[in-house]
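Worksheet: one structure, shown below.
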Amino acid sequence: MKKVIMGTETAALAAVLARVQVVAAYPITPQTVTVEELSDYIGKGELDAEYITVESEHSAMAACVGASATGSRAFTATSSQGLALMHEMLHHAAGGRLPIVMLNANRALSPPWNLYCDHTDSLSQRDTGWIQYYCCDVQDVMDSTFIAYRVAEKVMLPVMINLDGFYLTHTSEVIDVPSQNEVDRYLPPYDPANKVDVDNPSTYGCVCGADLFSSLKYRRQMETLAVEQAWQEASDEFAAQFGRSHAPVQGHRLDDAEVVIVTIGTAGGAAQLAADALRQEGVAAGSLNLAMVRPFPYQSFRQAVSGAKHLVVLDRDVSFGAEGIVAQEIKSCLYGQSQAQVHGFIAGVGGMDITEELLADMTREALGGQKQGLQLGDSIWIKVLP
Amino acid sequence: MAKKQIDSVMQLPVMPLTIEDMTWNKTGTWRLLTPVQQDKLAPCRAACPLGQPVPQMIHQLAQGDPAAGLALLMAYNPMPGVTGRLCYHPCQAKCLRKELDQGIAIQSLEKSASLAQGAPALERRADTGKKVAVCGSGPAGLAAAYFLGLAGNSVTVLEPGKTAGGFLTQAKAGQLAPEVLAQETRRLSQVAGITIETQAAPGSLEGMDLVLVDAGAYAPDSAEAKAVKALAQGDAEPLVMESEGGFKASQVAHALALGREAANQAQAALGLPAVFAQPELGPVATVEDLTLGFFAPAPVSEQAQEEAARCLSCGTCNLCQQCALSCPDACCNLNEAGGTIEIDLYHCKGCGICSYECPRGALVMENQP
């Protein structure tokens, strides 16, 4: 069924179709509509789930941790400050191997106060052990929610679905809404091997001494690194059923590309248009939407850019004292593997629009054209005061 | 159970959870302080002239077992139905429940227990072969006879009058009906296996090993006192129970205590071990020993079981199991058969939460491993 629908509404509808059993969430701009819609669905009896009202995002995630440990499919949604407040519980969810799925509306962290798109909130949670997926459009929000639960419940790790604040949360698009039967066919009910069970008591999150701690972490790392492959397979199966693919790395005109524009989130659309425009100028350009940041899709990424000489990397974030986080990740991935030059650009933080022209200009600068921004450290900052 | 051996990463659980049980981990070796159940003396019990186990009796009523409550009383007191009506109940003055709302109606509960049908089967010692006569059947005489009977002696109470009971026969009818006194006398003689002869005449002391005389409550020159003393005439060294100034009806518990003490003196005179000993209990419990927050205010009830449930059981374990609920390591366990809380010292770390949580201060931490 085709429907015109906004990103935040889509996330709620996707949770309904995924038959989530427990929702514990606290409203925050620009995620609020998702929470409102879900409470409506549950209140009207259109979703058979428990809505746990909580006093904070820390409690929201704590409630999801408990719910998931009992074998329920749990969902929550947050943004920015709320995600930061959840930090401790994010470790608990991932370390507890609980397949919770969470929407995060990417928004700048204060101060100064700013409600608009910025990726620092989710990227500064990279090391919590969550799978991180960044949506490029509204259809991606719907589809990746199903893939997320399917992967999460297979590998026993939580997934954060990231939506660019306002660019995606508040944009309405025509999307294909699958039927409940179709979703049920793709996503079977959650039935974990272990769950909190009074008849079979066990301590969850028990104490573990040095003798086994590193072995447990080693196993978790082994199973987290395998997520790239698991997500690829789940995406392939989704494509076989629904005709749409949502792979960890999504390329555009990469086959012969010498310069590749790398983005995460909604900038992927503008990046495709920029590559097309550059092609018309005779530049062998392509674009790459890095949908999965954790685990980093090493194999797919290295393969996708194997022919590239220049990577133009957009960061809507900064790791203060270092550089853009995505650029850092890519350099780490390619070190000793590729001769390609990585050009890190920091632009669009706090809600500045990323346009096709801006990305094309950044690419031209990388190839020796006119300077667009100010070099600071290893990054070029776009549209900052001199 | 032994600790499970894990030899490879893939044998580890995916989720960080305990596999199998943890009893192999004998955390008791970490312990510095040890929880010990040590009942304190409840203030009601401390105030009782007979030292009756008041909280324990009330606990039985709360459990719906008045017969068990009666048995507890009759190990201390042969006539709980009499004290339950006449006593001036100093117990109630000391009730700590008053700190919360209103004190417990202890005397009514004692009376309620005394209404249990039948006679409790108290332990009676093996036959000693000794014959004892008690002249006079006031509460002191009956108590002495009762405990001497429980001690295994062959006891006969000689009463010159028509009715056993001494000064209790003169109690106001509104306070103590003659039928109640008769029932109480019948029950105590049945429990202790003693004989009561009314309208006894002098000259019945043939073959007695010991004679006791109870003329305590009467004026020394009264007709009643003379009649009792006449019964003992001819015995060389009778053991006389005396009290300065006698007893009022409300002091019946003191008369009973006098008789109970005389039974021990008689045992000594017969070369036999004492028959009654008050157990050694800790210091008297105070309001500081209680955690009043555990108890909800509740109005005084006319219904015995409901009223009994209001008792705070000061300083006295009543198996509420708050300790078991609080122990992080499931080390406090109810032994239902024994009616006790058992502490698993193989695993108790000595954290002291049980002691802190005990609503009645009956668990103490001792400086011992």
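Computed over heavy atoms, backbone and side chain alike; hydrogens, waters and symmetry mates excluded.
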For the residue pair A:Arg97 and B:Val14, what are the closest heavy atoms and their distance?
CG-O, 3.2 Å
For B:Met15 against A:Leu98, the heavy-atom pair lying closest together
CE-CD2, 3.6 Å
Less than 4.5 Å to any heavy atom of chain B: does that hold for the side chain of A:Asp211, its backbone, both, or neither?
side chain
Please flag which part of A:Tyr218 lies under 4.5 Å from any non-hydrogen atom of chain B: side chain, backbone, both or neither.
side chain
With a sphere of 6.0 Å drawn around [atom1] of [X], does it hold more than 12 non-hydrogen atoms of other residues, nucleotides or ligands?
| X | atom1 | result |
| --- | --- | --- |
| A:Glu50 | CD | no |
| B:Phe294 | CZ | yes |
| B:Gln278 | CD | yes |
| A:Glu233 | CD | yes |
| B:Lys94 | NZ | no |
| B:Asn25 | CG | yes |

Under 4.5 Å from any heavy atom of chain A - which part of B:Met10
both
Value rounded to 0.5 Å, distance of CG in A:Asn194 from CG in B:Leu17
5.0 Å
Just verifying a value: how many Å separate B:Gln11 CD and A:Ser215 OG, rounded to the nearest 0.5 Å?
11.0 Å
Closer than 3.5 angstrom, by distance alone: can the side chain of B:Thr18 be matched with the main-chain N or O of A:Ser202 as a donor-acceptor pair?
no
